[in-house]
Amino acid sequence: MQNALTGKRVLITQATEFMGPVLCEVFAEQGAEVVASAADLSQPGAARRVVEEAGPIDVLVANLAIRAPTTAAVEVSEAEWRAVFAALVDPLPHLVGAAAPAMIQRRAGKILVMGSASALRGMKRASTYSAARGAQLAYAQAVGVELAPHKVQVNAIAQNFVDNPTYFPPEVQANPRFQERLAREVPLGRLVGAREDAQFAAYLCSSAADCFVGQVFPVCGGWVAR
């Protein structure tokens, strides 16, 4: 895949976290003009403001992340629940609400949610995080089928065991217990490369992927199949 995004303006949120840095790198390599935002979208009005300040865009990549709490389900506090949903879920309707009208008007556009496969497989002590990631995927599916008649494609990547600094920093990867878990749970036998994931994201945001609407694509080395 070469120059798949030439001439496209792409807004990538939380560009310094999660998959942000490698997405910016790969999308630029594919010819996109990347608008990289590092704004905290959990603050009221921030998501809509980021889209408005970006100006006209062809693609929105909703890259949203937060350090996942590991609280037992019966001990989850109201504050934890709200903080996680404020970071991962609440920005989505505001991002889409600000970006989609122009895409609908010109009958062209792509929106990609960088989500998590934790929504597709049960994980202990991850109820808050998994619930929020599940809401992201459900939202992408619903909005995807709603905007499809307008020639706007909305999809989501549900990832886990992908090399990124937010969830798998070097100290985690070097831990023997993590290496054992990787060998035990991930059929691929390694982390998915950051660029592998970002290149797939670039494909989904290109005209070659116009046929996909409301789809959730697991990228997790076989940790979950769907």
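Below, each value reflects all heavy atoms present in this structure, side chains not excepted, and no hydrogens, waters or symmetry copies. This structure is a prediction, so every number in the text was calculated from the model and none was measured.
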_Any donor-acceptor N/O pair, R121 side chain to A225 backbone, under 3.5 Å_ = no
*Nearest heavy-atom neighbours spanning V216 and A158*: CG1-CB, 3.8 Å
*Carefully, step by step, assess V192 and F161 under the rule side-chain contact (heavy atoms from CB on, under 4.5 Å).*
CA-CA 6 Å; V192 176; F161 294 105; 5.7 Å; no
*Is there a side-chain contact between V61 and C205, using heavy atoms and a 4.5 Å cut-off?*
yes
*Answer yes when R190 and E196 have at least one side-chain N-carboxylate O distance shorter than 4.0 Å, and no when they do not.*
yes
*Going by the side chain to side chain donor-acceptor pair (under 3.5 Å) test, name the single residue among D58, D210, N155 that passes it with K110.*
D210
*Calculate, to the nearest 0.5 Å, the distance between atoms CD1 and CE belonging to I111 and M103 respectively.*
5.0 Å
*Has the side chain of Q136 got a donor or acceptor atom that lies under 3.5 Å from a matching backbone atom of L88?*
yes
_With sequence neighbours excluded, residues passing side chain to side chain contact (heavy atoms under 4.5 Å, CB included) with N164_ = F18, M19, Q159, T166, Y167, F168
*asked:* Quick one, I57 and V10 - any side-chain contact, counting heavy atoms below 4.5 Å?
replied: no
*Atom CG of L112 and atom CD1 of I157: how far apart are they, to the nearest 0.5 Å?*
5.0 Å
*Can you check whether A15's main-chain N or O pairs, donor with acceptor, with E17's side chain at less than 3.5 Å?*
no
*Check A83 against I66 and note the closest heavy-atom contact, atom names and distance.*
O-CD1, 4.0 Å
*Could you go step by step and tell me if Y139 and V96 meet the side-chain contact (heavy atoms from CB on, under 4.5 Å) rule?*
CA-CA 10 Å; Y139 181 81; V96 171; 3.5 Å; yes
*Atom CG in L64, atom CG in L92: separation rounded to 0.5 Å?*
5.5 Å
_Main-chain N/O of R49 paired with E52 side-chain donor or acceptor, under 3.5 Å_ = no
_How about CZ on R107, more than 12 heavy atoms from neighbouring residues, nucleotides or ligands closer than 6.0 Å, or not?_
yes
*Q173 side, atom CD; F178 side, atom CZ - distance, nearest 0.5 Å*: 6.0 Å
*State, yes or no, whether a side-chain contact exists between L41 and V50 at a heavy-atom distance under 4.5 Å.*
yes
*D197 side chain near M114 side chain, heavy-atom distance below 4.5 Å*: yes
_Are V113 and V145 connected into the same hydrophobic cluster when the rule is that any two of I, L, V, M, F, W, Y join if their side-chain heavy atoms are below 4.5 Å apart?_
no
*So, does D163 use its side chain to make a donor-acceptor pair with the main chain of G193 at under 3.5 Å?*
no
*side chain to side chain contact (heavy atoms under 4.5 Å, CB included) with T71: which residues, sequence neighbours excluded?*
P69, E75, V76, E80
*For G144, does its backbone N or O pair with a side-chain atom of Q153 as donor and acceptor, under 3.5 Å?*
no
*So, for V162 and V219, which heavy atoms are closest and what is the spacing to 0.1 Å?*
CG2-O, 3.5 Å
*asked:* Using the rule that Ile, Leu, Val, Met, Phe, Trp and Tyr join whenever any side-chain heavy atoms are under 4.5 Å apart, tell me whether V213 and V154 fall into a single cluster.
replied: no
*Please report the shortest heavy-atom distance between L137 and A119, naming the atom on each side.*
CD1-CB, 3.7 Å
_ILVMFWY network linking L191 to L188, side-chain heavy atoms under 4.5 angstrom_ = yes
_Donor-acceptor under 3.5 Å (S116 side chain, R133 main chain)_ = no
_Check against side-chain contact (heavy atoms from CB on, under 4.5 Å), V59 and L11_ = CA-CA 6 Å; V59 177; L11 171 61; over 6 Å; no
*How long is the span from the OG atom in S118 to the CG atom in N160, to the nearest 0.5 Å?*
7.0 Å
*Minimum heavy-atom separation for V89 to A135, with atom names?*
CG2-CB, 3.9 Å
_Separation of E29 CD from N3 CG (nearest 0.5 Å)_ = 10.5 Å
*Is it true that atom CD of Q105 has more than 12 heavy atoms of other residues, nucleotides or ligands lying nearer than 6.0 Å?*
no
_Quick check: closest heavy atoms across S206 and A4, and the distance to 0.1 Å?_
CB-O, 3.7 Å
_Please evaluate residues F27 and Q30 with respect to the criterion side-chain contact (heavy atoms from CB on, under 4.5 Å), reporting the C-alpha separation (whole Å), side-chain torsions for both, the decisive distance (0.1 Å), and the verdict._
CA-CA 5 Å; F27 276 54; Q30 289 297 324; 5.7 Å; no
